[in-house]
Undergrad: 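Take this structure first; my questions come after.
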Amino acid sequence: MKNTFDVAIIGGGINGSSIAYQLSKLGKKVVILEKGTLANEASSAAAGMLAAQAEMEHDGPFFQLALKSQAMFPSITNELLTYTGIDIEFVNKGMLKIAETEELATALKSQVLFQQNWDSGIQWLDATLVREMEPALAPTVAGAMFLPNDGHVQPAKLSLAFAKAAEHFGTEIRENTEVLSFIYENGVVKGVNTSAGAFYCEQVVVATGAWAADLMKNTGINLTVYPVKGECFSVKPNKPIVHRSIFSDKRCYFVPKRNGEIYIGATVVENTFDKQVTAGGIATLIEQAVKLIPQLKDAPWERVWAGIRPQTADGIPYIGEHPTIKGLFVAAGHYRNGILLSPLTGKLTAQLLTGQVEDEQFLSAFRIDRSQISIS
Ligand SMILES: Cc1cc2nc3c(=O)[nH]c(=O)nc-3n(C[C@H](O)[C@H](O)[C@H](O)COP(=O)(O)OP(=O)(O)OC[C@H]3O[C@@H](n4cnc5c(N)ncnc54)[C@H](O)[C@@H]3O)c2cc1C
């Protein structure tokens with residue numbers, strides 16, 4: 001039969017492509033169905049921080065998912081370079097999570113103690129040490145937690161490299177192909193209907209980021225995925241101003257890329273799919289950025305952009321099988337951490353589809369029928 005595969009993956013963002021890579025490496029016949037073009041949504045808008053420890057403050061399956069995924073980056077970088085020739089620009093110089101007040105410094109110091117359980121290299125730096133490391137930071141910075149393993153990558157390159165590596169192992173990629181509905185019989189998935197006709201398969205993975213709830217609602221599952229717009233801008237100074245990522249609790253961060261650009265983000269605008277960049281959003285970011293790094297005001301402007309993060313009601317992703325439709329899986333809702341989580345999301349989802357999950361804690365934590373479910 002035409003258009004017949006083992007697995008159809010819906011969504012050609014970083015997670016869909018990572019899943020395709022892992023499954024095709026296992027010998028599965030995979031197709032990626034993408035309504036636009038590869039990596040055209042959140043996966044190319046991200047700053048690319050691998051902030052497993054800067055962003056997470058409690059132990060549990062989500063934190064462990066983040067740590068394990070972060071640890072995969074050195075090997076994933078090499079694998080993808082070997083199979084695709086794409087350098088994902090993995091930079092591992094660490095991150096400073098800064099405190100702008102004494103009160104925040106006290107809170108961050110207790111985080112240092114917690115995070116040292118997983119990485120003894122994590123340290124508290126007082127104001128003098130912070131400015132020795134990053135002299136461009138404003139003298140008002142009270143101190144910082146130094147996270148030596150929170151690096152960063154070029155997210156669009158990583159996303160495209162996963163897709164190209166999947167292609168290398170036989171995955172077919174169909175862009176401009178929107179999935180409209182699922183085909184299933186007697187509680188077993190058989191394929192999907194798309195704008196380019198039907199595709200038949202034994203398993204389907206919904207990896208449609210912020211758009212996941214829409215597709216799933218007719219299957220009796222109300223996923224709580226909702227869109228959160230983030231706007232960013234970048235400058236490209238003639239010589240480096242900062243040397244490693246800098247993260248402030250006031251929702252402003254700086255990520256110095258290999259090409260000399262500094263990505264500065266990001267706003268948080270809930271419940272909109274509108275990717276328009278607003279003057280107000282960028283004005284707020286610039287104000288916060290220049291307060292922290294005054295030299296930025298003289299840096300040559302590069303560009304602005306926005307993307308839609310996929311958030312969930314409880315803040316953790318969905319990775320699991322539909323409770324009543326066999327063969328229908330979801331891997332979506334990675335919010336601010338989809339780049340960081342993409343290597344392990346690919347691996348874990350491939351394990352789920354092949355019935356070989358290594359770490360059982362992830363099965364129940366990310367299941368798609370947790371809490372709010374309404375099964376019809
Ligand atoms: C400004 C910003 C900064 C960020 N910074 C970071 C960061 O520093 N570190 C980090 O780890 N994460 C970051 N993120 C989050 C990260 O970008 C996302 O979590 C991640 O990209 C989600 O990937 P995804 O593949 O699940 O979704 P997406 O990249 O959104 O891909 C989903 C794809 O599905 C397609 N699709 C949707 N519906 C259909 C359909 N019906 N049929 C076919 N295709 C469909 C879409 O066209 C899209 O290409 C950031 C996000 C933003 C917006």
Side-chain angles (χ1 to χ4, degrees), residues 8-20 31-52 54-56 66 69-70 73 95 150-156 158-159 162-163 173-182 192-196 199 204-216 225 227-234 245 247 251 253-255 257 263-269 273 275 277 281 285 304-312 317-319 330-343 345-346 349:
I9 294 171
I10 314 173
I14 201 156
N15 285 309
S17 298
S18 174
I19 297 163
V31 62
I32 296 177
L33 303 167
E34 165 53 52
K35 73 175 173 186
T37 52
L38 290 175
N40 69 340
E41 292 293 348
S43 300
S44 54
M49 289 178 290
L50 309 175
E55 291 247 7
M56 296 179 204
S69 199
Q70 187 190 59
F73 272 87
M95 179 183 288
D150 279 9
H152 61 87
V153 295
Q154 187 53 259
L158 175 57
S159 191
F162 275 134
I173 294 169
R174 304 287 176 92
E175 294 181 311
N176 304 309
T177 303
E178 180 172 10
V179 173
L180 307 170
S181 60
F182 306 110
V192 291
N193 291 308
T194 81
S195 55
F199 284 72
V204 171
V205 183
V206 177
T208 51
W211 293 266
D214 223 29
L215 261 181
M216 290 298 291
V225 179
V228 181
K229 174 165 85 169
E231 297 152 291
C232 299
F233 72 97
S234 71
S245 305
F247 187 98
R251 291 292 176 223
Y253 54 72
F254 308 85
V255 189
K257 295 294 176 183
Y263 288 10
I264 299 160
T267 61
V268 176
V269 187
F273 284 101
K275 284 197 290 182
V277 176
L285 275 181
V304 288
W305 68 92
I308 308 298
R309 309 175 186 94
Q311 175 60 307
T312 61
Y318 291 107
I319 305 173
V330 177
H334 296 67
Y335 192 40
R336 300 169 63 91
N337 295 294
I339 309 304
L340 163 72
L341 299 174
S342 61
T345 295
T349 308

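First listed ligand is number 1; within each ligand, the first listed atom is number 1.
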Undergrad: Among protein heavy atoms, which lies nearest atom 33 (C) of ligand 1, and at what distance?
TA: Glu34 OE1, 3.6 Å
Undergrad: Nearest protein heavy-atom contact for atom 4 (C) of ligand 1: which residue, which atom, what distance?
TA: Ala46 CA, 3.3 Å
Undergrad: Under 3.5 Å, N or O to N or O, is Leu340 touching ligand 1 that way?
TA: yes
Undergrad: So which heavy atom in the protein is nearest atom 18 (C) of ligand 1, and how far is it from that ligand atom?
TA: Tyr335 O, 3.6 Å
Undergrad: Counting only heavy atoms, tell me which of Lys35, Met49, His152 gets closest to atom 8 (O) of ligand 1.
TA: Met49
Undergrad: Touching ligand 1 at all, Ala210? Heavy atoms, strictly under 4.0 Å?
TA: no
Undergrad: Please confirm whether Arg336 comes within less than 3.5 Å of ligand 1 when only nitrogen or oxygen atoms on both sides are compared.
TA: yes
Undergrad: If you measure every N/O of Arg309 against every N/O of ligand 1, is any gap under 3.5 Å?
TA: no
Undergrad: Given that the side chain starts at C-beta and the backbone is N, CA, C, O, which of these parts of Val255 lies under 4.0 Å from ligand 1, counting heavy atoms, or is it both or neither?
TA: neither
Undergrad: What do you reckon, does Ala207 put a non-hydrogen atom under 4.0 Å from ligand 1?
TA: yes
Undergrad: Any N or O of Ala42 that comes nearer than 3.5 Å to an N or O of ligand 1?
TA: yes
Undergrad: Quick one: does Ile339 get an N or O within less than 3.5 Å of an N or O on ligand 1?
TA: yes
Undergrad: By the definition ring-ring contact (aromatic ring centres under 6.0 Å, His included), identify the one residue from Phe233, Trp305, Phe254 that meets it with Tyr263.
TA: Trp305
Undergrad: Say whether Ser195 and Glu178, considering side chains only, have a donor N or O and an acceptor N or O under 3.5 Å apart.
TA: no
Undergrad: Is there a heavy atom of Leu38 sitting under 4.0 angstrom from any atom of ligand 1?
TA: no
Undergrad: At a non-hydrogen distance cut-off of under 4.0 Å, which region of Ser43 contacts ligand 1 (side chain, backbone, both, or neither)?
TA: both
Undergrad: Considering only the protein, which heavy-atom contact is closest to atom 5 (N) of ligand 1, and what is its distance?
TA: Ala47 N, 3.1 Å
Undergrad: For Pro310 and ligand 1, does the shortest N/O to N/O distance drop below 3.5 Å?
TA: no
Undergrad: Nearest protein heavy-atom contact for atom 39 (C) of ligand 1: which residue, which atom, what distance?
TA: Thr208 CG2, 3.6 Å
Undergrad: If we only count N/O pairs under 3.5 Å, is Ala266 in contact with ligand 1?
TA: no
Undergrad: So, is Glu231 polar-close to ligand 1, with some N/O to N/O distance under 3.5 Å?
TA: no
Undergrad: Considering only the protein, which heavy-atom contact is closest to atom 22 (C) of ligand 1, and what is its distance?
TA: Asn15 ND2, 4.0 Å
Undergrad: Is the closest N or O pair between Glu178 and ligand 1 shorter than 3.5 Å?
TA: no
Undergrad: Starting from atom 42 (N) of ligand 1, what is the nearest protein heavy atom, named by residue and atom, and what distance separates them?
TA: Val179 N, 2.9 Å
Undergrad: Is there a polar contact between ligand 1 and Gly338, counting only N or O atoms under 3.5 Å apart?
TA: yes
Undergrad: Below 4.0 Å from ligand 1: does a non-hydrogen atom of Ala45 turn up there or not?
TA: yes
Undergrad: Strictly under 4.0 Å, does any heavy atom of Trp305 approach an atom of ligand 1?
TA: no
Undergrad: Please report the closest heavy-atom contact between Asn40 and Lys275, naming both atoms and the distance.
TA: O-NZ, 3.6 Å
Undergrad: What do we get for Leu33 next to ligand 1 when only non-hydrogen atoms under 4.0 Å count, side chain, backbone, both or neither?
TA: backbone
